[in-house]
Amino acid sequence: MEGYGFPVQFVQQMLTCVKTLKFSVKVNGQSYGFFEGQRGLRQGDPASPLLFVLVMEYLSRTLKTMSMLPDFRFHPMCKGLKLTHLTFVDDLMIFCKANCEFVNRVMEALSHFSNVSGLVANMEKSSIFVAGMKDQVKNDLLLRTGFTLGELPIRYLGLPLSSKKWSKLECQHLVDKITSRI
């Protein structure tokens, strides 16, 4: 937060909120004692959305800086937009050309982010998706990242994701769903 220019007093107050949590249990409308929280803020805490946005903004800036390095290449479909990632509520998609050198850059950026923020990717829920690659390159990427190999096509947020362009039928299905909700 100091890097964003927040006043020191505000940063200290936020850290106090994160580090000194206490909870009380209510039974039939009566509170019974307090116990200390073990892991900082919880989902639903009013400060959580602010902190989440600040942390994700830091990650976005880290990935953008990484993309400007001379030894990074964008995914061919993302090159025109210079798109490195998409962030959703609790999901992150990172795009780059499927090459060990470029994936190493991404992993370095994620490692830096983890060191700074203390947040670590859940490896059980992290996958790498590749298409049209030799098995040796796939294996090298999986070894480097520690991710599991995801299989395309998949559905994400109700939309089909694949390595191919959508067919007219898939687009029409999406248009029909949107039209029915309007």
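Because only heavy atoms are used, hydrogens play no part in the values below, and waters and symmetry mates are left out as well, while side chains stay in. On a predicted model such as this, the values are computed, not experimentally measured, just so you know.
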Are M77 and I154 connected in the hydrophobic side-chain network, where two residues link if heavy atoms are under 4.5 Å apart?
no
For the CZ atom of R144 and the CG atom of N139, what is their distance to the nearest 0.5 Å?
15.5 Å
Using the rule that two of Ile, Leu, Val, Met, Phe, Trp, Tyr join whenever any of their side-chain heavy atoms come within less than 4.5 Å, decide whether M107 and M123 are in one cluster.
yes
Identify the heavy atoms of A121 and S126 that sit nearest to each other, and give their distance.
CB-OG, 4.0 Å
Partners of E108 by side-chain hydrogen bond (donor to acceptor under 3.5 Å, both in side chains), sequence neighbours excluded?
R105
Interatomic spacing from CE in M66 to CG in N104 - rounded to 0.5 Å
12.0 Å
Applying side-chain hydrogen bond (donor to acceptor under 3.5 Å, both in side chains), name anything that partners S60, two or more places apart in sequence or on another chain.
H85
With rounding to the nearest 0.5 Å, note down the distance linking CG in L86 to CD1 in I94.
10.5 Å
Hey, any chance F6 and M56 share a hydrophobic cluster, counting ILVMFWY side chains that come within less than 4.5 Å of each other, even indirectly?
yes
Partners of K177 by side-chain contact (heavy atoms from CB on, under 4.5 Å), sequence neighbours excluded?
H173
Which atom of L161 lies closest to which atom of L152, heavy atoms considered
O-CD2, 3.8 Å
Calculate, to the nearest 0.5 Å, the distance between atoms NE2 and SG belonging to H75 and C96 respectively.
8.5 Å
In residues 131-138, what donor-acceptor pairs under 3.5 Å come from side-chain atoms, sequence neighbours left out?
unit_1	atom_1	unit_2	atom_2	d
Q136	NE2	D140	OD1	2.8

Distance, nearest 0.5 Å, that separates CD of Q13 from CE of M1:
10.0 Å
Judged by atom type as modelled, is there a donor-acceptor pair below 3.5 Å linking the side chain of T148 to the main-chain atoms of I128?
no
Compile the donor-acceptor pairs under 3.5 Å between side chains in residues 110-117 and protein atoms, sequence neighbours left out, one pair per line.
unit_1	atom_1	unit_2	atom_2	d
H112	NE2	Y58	OH	2.7
S114	OG	L110	O	3.2
S114	OG	L119	O	2.8
N115	ND2	S111	O	3.3
S117	OG	F113	O	2.8
S117	OG	L119	N	3.1

With rounding to the nearest 0.5 Å, note down the distance linking CG in L59 to CG in L54.
13.0 Å
Which residues share a ring pair (Phe, Tyr, Trp, His ring centres under 6.0 Å) with Y156, sequence neighbours left out
F88
Under the rule for side-chain hydrogen bond (donor to acceptor under 3.5 Å, both in side chains), what residues qualify as partners of E57, not counting sequence neighbours?
R61
State which residues pass side-chain contact (heavy atoms from CB on, under 4.5 Å) with S180; sequence neighbours excluded, sorted by chain then number.
none
State which residues pass side-chain contact (heavy atoms from CB on, under 4.5 Å) with K97; sequence neighbours excluded, sorted by chain then number.
R73, F102
Sequence neighbours excluded, the answer for ring pair (Phe, Tyr, Trp, His ring centres under 6.0 Å) partners of Y4 is none
Which residues satisfy the ring pair (Phe, Tyr, Trp, His ring centres under 6.0 Å) test with F72, sequence neighbours excluded?
F74
If hydrophobic clusters are built by linking Ile, Leu, Val, Met, Phe, Trp and Tyr wherever their side-chain heavy atoms come under 4.5 Å apart, do L169 and L174 end up in the same one?
no
Mind checking side-chain contact (heavy atoms from CB on, under 4.5 Å) for E101 and listing every partner two or more places apart, or none if nothing turns up?
D71, N99
If you count every heavy atom of other residues, nucleotides or ligands that lies below 6.0 Å from M93 atom CE, does the total exceed 12?
yes
